[in-house]
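Some notes on the structure that comes next.
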Amino acid sequence: MAKKFLTLFMLCCLCMGGLSDAFALDQANSKARQVVDKFQEELIDVMKNGKKLGYSGRYDKLKESVTNSHDLGKIARIVVGKEWEKLPEPQQQQLSEVFSKLSIASYAHNFKDYSGETFTFDNEEETTRGGIVIHTILNIPDDKPVKFDYMLKQNGDNWRIINIIANGVSDLALKRSEYTSILQREGFDALIAKINEKIDNYSKQ
Amino acid sequence: MNRFVNFLRQYHARHNFAWIGFWLILGLGGCATTQNTAANKVDPYENYNRKVYSFNDKVDDYVAKPIADAYKAITPDFMETGVSNFFNNLKTVNVVLNDVLQAKFEQGGRDTGRLLMNTTLGMAGLFDVAKTVGLEQNDEDFEQTLAVWGVPQGTYIVLPLLGPITTRGIPGAVFDTAANPVNYVGAPIQAISLINSRANAEGALKFIDEAALDPYVFTRESFLQWRNHLATDGKADSTSDDLLDIDVDSPGSNQKTGINSSTTAGEKNSPLPSTTNNSEAKNLANKNTLKILPPDLPDTEKVPTGKMLRDTKKQ
């Protein structure tokens, strides 16, 4: 009898353990999804008011949205790959700063108007290294929908976007190839100059 | 709205730009055997490719773009749309052929319906009436068919006038050219087709100019990723190895995970690496193989997938 009870108790413990794991996973998914939902809402809002806000208005609004939803520091580090370790700290800092500016400027430049677009959640998945991918669809009136997949990783208690894959094209992989190529071919100063030139161009258009 | 989205849509149009140079390219094929000074496995001829890319860019600036701009300026929007629809409809013949070759019979049926509807009710394809009844255009070509058959992607090459292609894409382009009725109706129609392709690619090319720090690398990466997206029917996007491998939490993790910064997305991002059997990889991708077990286990021991976990949770 005691043996049966012990077995039952152990089974209960295992079930509870499994349930708590599933609960923790659900919580993580929920938090990650909230980050993406909020960012997309803010992005659509900026698009709706795009013309009224102008470039600088869009930049200011998106600065907060992007900073609160993306892990720009980690992205900056990933896009230069192993070159990061070779850079002295002041250069790492400089790269992080200009990269953040470019990311926000790019959003402010490309998401400037609205014609009825909406984002809808599709599903979510966990990745090998503890990340979460939130699959969403951008619906465009009279046009084919576009898949937007957001990959998030945990930074402390917060989930942050580290990559966006639009219709199969990974922004992180694209940038990583570009940045490492420029660093290797032309050096750090050239990379910073090119990033600043893009920021400047975005602000003028 | 989002210009990046337009870029994705229009990008492949450039690929169609100048098949007329194909035989010229074959003649210049020897150039592709220049010495390999680049570390990139997918792009071993980077130095040669960069020169051709630069040449193509100049041809585009001085010849193709002015012609396309003039075409857009003198053609009313409705006519431009009609011309695009007409050539897209002709391409559907090739789409249907490749549907069948890839054993996508249901999709092939829909595409056949689309072709018949647009050719008849849509007045020889000038109007896309099939879209209004929910028959969206599918994007299939012979390179995708070869990928499904397990032909490796091969190396990345930039061909004069033709633009980016992979070695698998060369027979693909030959087949697609032969299967497109536009190539049997005479030079003037072919010329309009080319101008139309370039005009449609305008947004994509402008996006590259605006966004790319290194336009050559930007073009290569987006081309290879886009082709993989098509070859896997979009089923392998975020399950890519590159995303799973990137982890900078611990110093030196790049070396640990074996990521070489000079490898391209076609390799590190693709579920269909050139060195593996593509049909096998595609099957894996279709099974939604997003592994969730701890990263320290060998690959062979990571059995449950993200999908399985979700299913388990639902039960």
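Lettering of chains follows the sequences in order, A, B, ..., and the numbering in each one begins at 1. Both backbone and side-chain heavy atoms feed into the values below; hydrogens, waters and symmetry mates do not.
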- prompt: Is there a donor-acceptor pair closer than 3.5 Å between any side-chain N or O of B/Glu136 and the backbone N or O of A/Lys144?
  reply: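 Checking the backbone N and O of A/Lys144 against the side chain of B/Glu136, no donor-acceptor pair under 3.5 Å is found.
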**Audit row: A/His109, B/Glu210, side-chain contact (heavy atoms from CB on, under 4.5 Å) steps and yes/no** = CA-CA 10 Å; A/His109 173 72; B/Glu210 285 176 2; 3.0 Å; yes
Nearest non-hydrogen partners of [X] and [Y], listed with the distance:
X	Y	answer
A/Gly168	B/Gln225	O-OE1, 3.3 Å
B/Arg50	A/Ser181	NH2-OG, 3.5 Å
B/Trp226	A/Val169	N-CG2, 4.3 Å

* Run the numbers on B/Arg220 and A/Glu178 for side-chain contact (heavy atoms from CB on, under 4.5 Å), then give the verdict. => CA-CA 10 Å; B/Arg220 181 185 69 201; A/Glu178 273 197 294; over 6 Å; no
Exercise. Can you find a heavy atom in the side chain of B/Asp214 that is under 4.5 Å from one in the side chain of A/Tyr179?
Worked result: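 No, their side chains stay 4.5 Å or more apart.
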So what's closer than 4.5 Å to chain B heavy atoms on [X]: side chain, backbone, both or neither?
X	value
A/Leu183	neither
A/Lys194	both
A/Asn155	neither

How about A/Glu186: does its CD atom have over 12 heavy atoms from other parts shown lying under 6.0 Å from it?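 Result for CD/A/Glu186: enclosed.
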>> So for atom NZ, which belongs to A/Lys101, do other residues, nucleotides or ligands contribute more than 12 heavy atoms lying within a distance under 6.0 Å?
In response: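 Atom NZ in A/Lys101 is not packed in, count stays at 12 or less.
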*asked:* I'd like to verify something: which residue of B/Leu213, B/Val217, B/Thr132 has the highest number of heavy-atom pairs under 4.5 Å with chain A?
replied: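 Counting heavy-atom pairs under 4.5 Å, the top option is B/Leu213.
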| query | Once you round to the nearest 0.5 Å, how far does OG of A/Ser170 lie from CG of B/Asn228? | reply |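 One gets 12.0 Å once the value is rounded to the nearest 0.5 Å.
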Margin query: Please classify the contact between B/Asp209 and chain A as side chain, backbone, both or neither, with a heavy-atom cut-off of under 4.5 Å.
Written below: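 The answer is the backbone of B/Asp209.
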